[in-house]
Amino acid sequence: MTSRNENFAALVGNTPLLELGRFAEELKLGARILAKIEYLNPAGSIKDRTAWGLIREAEESGRLKPGQQIVDLTSGNTGIGLAALAAARGYPSKFYLRNTISEDKLKLLAHYGAEIVLIDNSVFLEPGAIHAIIDRVRRENPDAYYTNQRANPANPRVHFETTGPEIWRDTAGEVDIFVAAVGTGGTISGTGRFLKRQNPEVQIVVVEPGPASVPSLDAPYPDSIEGVHKVTEVEPGYLPENFDASVVDEVIVTETAQARDFARILAQREGILAGTSSGAVLFAATALARRPENAGKTIVAIVADSGERYLSPPKLGPALSSEVGAPALEAATV
C-alpha cells in the first residue's frame, strides 16, 4: 500500500507496449512497430514521468519547500503533469505557454488549479528568445521553484531509470530501433542512453517538423506539431541542454499534415487515439519499417499523449490577448 503522498507517483510508468499489427499489415510494412502507450500515465502523457522526476529530485534535495509554488515554461504536457502532481502534493503551480497551445491543454491546466501566462508565438522568433523568456519567468517569480525542464538532469534521468528499462524488459532486449520526438530532449536522451548501454547497435531516431510546420518571421502561426521541435539547423543556444545529440543516429522530417494523417490512421486501424506528435513519430517509424534493411526488425515508437488534447481547432493566428493571467474558467478553482 502506498503512502498518501505517493498515490499519484505510484501510477506513473509501466505503460504497455502494443504491437500495431493491423496498422503494419495494411501498410505492408516489413518491420514490427510496437507503440509505447504513454497516455495511460495518470495525467495523460509521457511528461508525467518528467514531472515526477523533477519534483522527486527537488524534494529529495530540499530545494522545493512545502507549499512553494512550482513554475516553468512549457508546451503543455509537462505543465499538465507538473500541475497534477503539484495538486496531489500540495504545491501551487504556474506555467508560461505559447498562445498557440490547444484550448484542451489550457482547460486541463486550469482544472488542476494552475495559473497560466500566455506569450505570443511571435516572441519566440526573436533572437535569444528562449533564454530571455526563461529569465522573465525567473524574474517574475523570485520565490517560486523553477523546475527548469529544459536543463534539469532529473528530466532525462527519469527516462533512463524508467522508460528505457521498461522497453528493454517488455521487448526481452529485442528492440532494434527507438523513435521519439524532441520537446525538452529528456525522453530521447534518457531512453536512448539506456538502450545504447544495453546494446550499442540500437538505433535512436528523432522525428522533427519540416519547414511548413515551423514558425518563421513570414509565418509566425503555422499549423505546427505541439511539443515537437527541430534539432537540426537551429540557432545556437536554442536546443534544450537536456538534448544529447550524441545518442541520435538519424533525424526524419515530417509536416503537420502527415502527422495528423498518421494519427488518424492509427485511430481507425488500431483504435488508439493519439496526439499529433505521436502521428509524427508513427510517420517516421513507418518510413523506417519500409526500408528493406529493416525487414524483421522491431521498432518502438512513443505515443506520447492522447488525441483528446487536440480536438479543438488549431490556433493559426494571434490570440486576442497575448498575455493573460489565470484563465477565467469556472472549473479552475474549487
Side-chain angles (χ1 to χ4, degrees), residues 13 36 38 41 45-58 72-82 95-98 124 128-131 133-134 137 146-167 177-197 202-209 213-215 224-254 259 275-278 280-281 284 300-305:
K36 183 78 165 149
E38 286 295 303
N41 280 298
S45 85
I46 195 169
K47 297 298 188 176
D48 293 358
R49 297 179 188 262
T50 302
W52 174 226
L54 295 171
I55 290 182
R56 178 184 62 183
E57 188 279 331
D72 210 334
L73 171 68
T74 177
S75 293
N77 279 335
T78 302
I80 291 167
L82 284 168
F95 302 103
Y96 290 68
L97 307 94
R98 298 171 186 262
F124 287 83
I130 291 295
H131 296 293
I133 293 168
I134 290 172
V137 172
Y146 173 58
T147 53
N148 194 19
Q149 61 165 320
R150 289 172 53 89
N152 191 327
N155 178 352
R157 184 183 306 128
V158 75
H159 293 285
F160 184 91
E161 294 173 346
T162 67
T163 316
E166 289 171 27
I167 291 170
I177 303 172
F178 173 70
V179 190
V182 170
T184 62
T187 299
I188 200 78
S189 301
T191 307
R193 286 174 192 154
F194 179 87
L195 293 177
K196 281 189 175 290
R197 180 171 294 185
V202 174
Q203 299 293 292
I204 308 300
V205 179
V206 165
V207 62
E208 71 171 10
S213 304
V214 177
S224 59
I225 310 171
E226 282 187 23
V228 179
H229 305 307
K230 282 183 66 64
V231 297
T232 61
E233 300 178 348
V234 298
E235 68 176 79
Y238 187 83
L239 286 175
E241 290 89 331
N242 277 328
F243 174 59
D244 182 2
S246 70
V247 305
V248 177
D249 297 291
E250 183 177 354
V251 177
I252 293 178
V253 177
T254 187
T276 316
S277 69
S278 303
V281 169
V300 173
I302 291 291
V303 173
D305 65 1

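In this structure the side chain of I134 never reaches within 4.5 angstrom of the side chain of Y96, judged on heavy atoms. Taking 4.5 Å as the limit, some side-chain heavy atom of R49 sits within range of a side-chain heavy atom of H159. A 4.5 Å side-chain heavy-atom check between R150 and I130 finds at least one atom pair inside the cut-off. V206 is not listed as a side-chain neighbour of I204, based on a closest heavy-atom distance of 4.5 Å or more. Using a 4.5 Å heavy-atom threshold, the side chains of I80 and F95 count as separate. Using a 4.5 Å heavy-atom threshold, the side chains of L239 and V231 count as touching. Side-chain contact between F160 and T191 is absent, with no heavy-atom pair separated by less than 4.5 Å. The side-chain heavy atoms of T74 and Q149, taken from C-beta on, include a pair separated by under 4.5 Å.
Remark: the backbone N or O of G185 is paired with a side-chain donor or acceptor of S189 at under 3.5 angstrom. In this structure, the side chain of D72 engages the main chain of N148 through a donor-acceptor pair within 3.5 Å. With hydrogens and angles disregarded, a donor-acceptor distance shorter than 3.5 Å links the side chain of N152 to the backbone of A154.
G164 and F194 get closest at one heavy-atom pair: C-CD2, 3.3 Å. When all heavy atoms are compared, the tightest approach of A304 to S278 is N-OG, 3.0 Å. Summarising the geometry of I46 relative to N41, their closest heavy-atom pair is CA-ND2, 3.9 Å, with the distance given to 0.1 Å. Closest of all the heavy-atom pairs between V281 and A181 is CG2-N, 3.8 Å. Considering every non-hydrogen atom in both T254 and A259, the closest pair reads OG1-N, 4.1 Å. Nearest heavy-atom pair across A280 and V207 is O-CG2, 3.5 Å.
Interatomic distance, T187 OG1 to K47 NZ, rounded to the nearest 0.5 Å: 5.0 Å. The distance from the CZ atom of F243 to the OH atom of Y238 is 13.0 Å, given to the nearest 0.5 Å.
Side-chain contact, T232 with E208: a donor N or O sits under 3.5 Å from an acceptor N or O.
Annotation: side chain to side chain contact (heavy atoms under 4.5 Å, CB included) contacts of N242 (sequence neighbours excluded): N155, P156.
Within the structure, every pair that satisfies the salt bridge (Lys or Arg N to Asp or Glu O under 4.0 Å) test and touches residues 154-165, not counting sequence neighbours, is listed here: R56-E161.
A salt bridge does not link E226 to R98: none of the charged side-chain nitrogens sits closer than 4.0 Å to a carboxylate oxygen.
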